[in-house]
Every structure is written in C-alpha cells, then in structure tokens.
Amino acid sequence: QVQLVESGGGLVQAGGSLRLSCAASGRTFIRYAMGWFRQAPGKEREFVASVNWSGQTTYYADSVKGRFTISRDNAKNTVYLQINSLKPEDTAVYYCTADAKTMGPTMNDYWGQGTQVTVSS
C-alpha cells in the first residue's frame, strides 16, 4: 500500500507560479512511476505529467508542455510539480498518482486526495 499526500495548492493570480508536492509513504518509493492529474469543475480527470522511477524520463500532456515541470526526490519520497505562467484554465484539483507498471495517462495504482489550485484572472 502507498499513501500519497499532496500539498502546495492555493489561490494565485494568472501569470504566477506554484509548486505542488506529493509525499509518499508505504512501500518503496523508487518502485513507482509518479504522476499528476487534474480535474476541473464539470470535466473529467486528465493526465498532466509523469516521471519514471529514476527521474530521468518525463512525460507531459501537450497542454502543459513548457509551463509545467515534474521532478522527484527519491531521498525524500516526494514528487513535485512546478507550475509556471498559470492560466485561469489551470484551475482544478490536482491529484498525485503512483503506478508500478506504467507511466502516462493510464496510471492508476494509487491516488492522493488532491490539492486545489485556483487561478484568478
């Protein structure tokens, strides 16, 4: 079992930045690819970014390339999502996920409870 706890969300003006964190506990962190998804009001949950176990391979949704950066610190059992140049359409609940088998839009082994990001125009 893996427990994931997100933090770092909040209210920010358009053009600003945020860094989301996801702390993992439980089984060995390095066994898992880690990812971020988001769900805006009235929309389905969508893939945002993922990183493999070593941190050397990353994968991004086209909509966030160039503005979002995913990284991980295996010594701290934590994955990060740096979000720059925030737009109102980035407003969503952001979820952390871990998957031992794959990375990308089909990740779904474990989920955090989510952290709210609200971008004002």
Side-chain angles (χ1 to χ4, degrees):
Q1 191 77 6
V2 175
Q3 293 80 42
L4 303 172
V5 179
E6 301 96 333
S7 62
L11 174 64
V12 64
Q13 289 188 334
S17 298
L18 280 176
R19 188 176 80 156
L20 307 183
S21 299
C22 172
S25 61
R27 294 184 176 179
T28 307
F29 183 64
I30 61 171
R31 294 180 57 187
Y32 294 88
M34 301 297 296
W36 289 93
F37 284 65
R38 66 184 180 184
Q39 187 167 19
K43 295 187 177 181
E44 294 186 353
R45 189 175 298 188
E46 65 172 354
F47 170 78
V48 173
S50 60
V51 60
N52 75 331
W53 70 274
S54 68
Q56 294 188 340
T57 300
T58 56
Y59 180 26
Y60 295 94
D62 288 343
S63 59
V64 305
K65 284 181 180 177
R67 296 191 300 122
F68 289 26
T69 303
I70 189 171
S71 61
R72 65 190 292 164
D73 185 336
N74 288 339
K76 295 182 178 179
N77 283 12
T78 301
V79 62
Y80 304 98
L81 186 69
Q82 178 69 40
I83 310 174
N84 298 327
S85 302
L86 276 156
K87 304 176 181 179
E89 52 263 43
D90 294 321
T91 295
V93 178
Y94 283 71
Y95 296 92
C96 177
T97 185
D99 198 299
K101 302 176 296 296
T102 187
M103 58 181 291
T106 59
M107 299 177 70
N108 68 355
D109 280 355
Y110 299 100
W111 294 90
Q113 83 290 348
T115 186
Q116 176 71 49
V117 172
T118 303
V119 184
S120 63
S121 57

Determine, stepwise, if the pair Cys96 / Trp111 fulfils side chain to side chain contact (heavy atoms under 4.5 Å, CB included). CA-CA 6 Å; Cys96 177; Trp111 294 90; over 6 Å; no
Could you walk me through whether Asp109 and Thr97 pass the side chain to side chain contact (heavy atoms under 4.5 Å, CB included) test, one step at a time? CA-CA 7 Å; Asp109 280 355; Thr97 185; 6.0 Å; no
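Across Arg67 and Ser85, no two heavy atoms sit closer than the pair NH1-O, 3.0 Å. Residue Arg72 comes nearest to Ala33 through the heavy atom pair NH1-CA, 4.0 Å, listed as atom of the first residue, atom of the second, then distance. Here the closest non-hydrogen pair linking Pro88 and Ser121 is CG-CB, 3.9 Å. Nearest heavy atom pair, residue Val119 against residue Thr91, reads N-OG1, 2.9 Å. When all heavy atoms of Gly112 and Tyr95 are compared, the pair lying nearest together is O-CD2, 3.7 Å. Across every non-hydrogen atom of Met107 and Ser50, the tightest pair is SD-CB, 3.6 Å.
Side-chain N or O atoms of Arg45 include none that pairs as donor or acceptor with a backbone N or O of Val93 at under 3.5 Å. Using a distance-only test at 3.5 Å, with no hydrogens or angles considered, a donor-acceptor pair links the side chain of Glu6 to the main chain of Gly114. Remark: the backbone N or O of Ser17 is not paired with any side-chain donor or acceptor of Asn84 at under 3.5 angstrom. Judged by distance alone, the side chain of Asn74 and the main-chain N or O of Ile30 form no donor-acceptor pair under 3.5 Å.
Residues passing the salt bridge (Lys or Arg N to Asp or Glu O under 4.0 Å) test with Asp73, sequence neighbours excluded: none. Not counting sequence neighbours, the partners of Glu46 by the salt bridge (Lys or Arg N to Asp or Glu O under 4.0 Å) test are Arg38.
Hydrophobic clustering, with ILVMFWY side chains joined whenever heavy atoms are under 4.5 angstrom apart, groups Val64 together with Leu81. With hydrophobic clusters built from ILVMFWY side chains whose heavy atoms lie under 4.5 angstrom apart, Met103 does not share a cluster with Phe29. Neither Tyr80 nor Val51 shares a network with the other; the hydrophobic side chains, linked directly or stepwise wherever heavy atoms of I, L, V, M, F, W or Y lie under 4.5 Å apart, form separate groups for each.
The CG atom of Asn77 lies 10.5 Å from the CG atom of Leu4; values are rounded to the nearest 0.5 Å. Note that CG of Leu18 and CG of Leu86 are 5.5 Å apart. Values are rounded to the nearest 0.5 Å. We find the CD-OG distance between Gln1 and Ser25 to be 9.5 Å, quoted to the nearest 0.5 Å. Once rounded to the nearest 0.5 Å, the distance linking CG of Asn52 with OG1 of Thr102 reads 11.5 Å.
Atom NZ of Lys101 is surrounded by more than 12 heavy atoms from other residues, nucleotides or ligands within 6.0 Å.
Sequence neighbours left out, the pairs with a member in residues 41-67 that pass ring pair (Phe, Tyr, Trp, His ring centres under 6.0 Å) are Phe37-Phe47, Phe47-Tyr59.
The aromatic rings of Tyr94 and Phe68 sit tilted relative to each other, their planes meeting at an angle between 30° and 60°.
For the pair Asp90 and Lys87, the salt-bridge criterion is not met [side-chain N within less than 4.0 Å of a carboxylate O].
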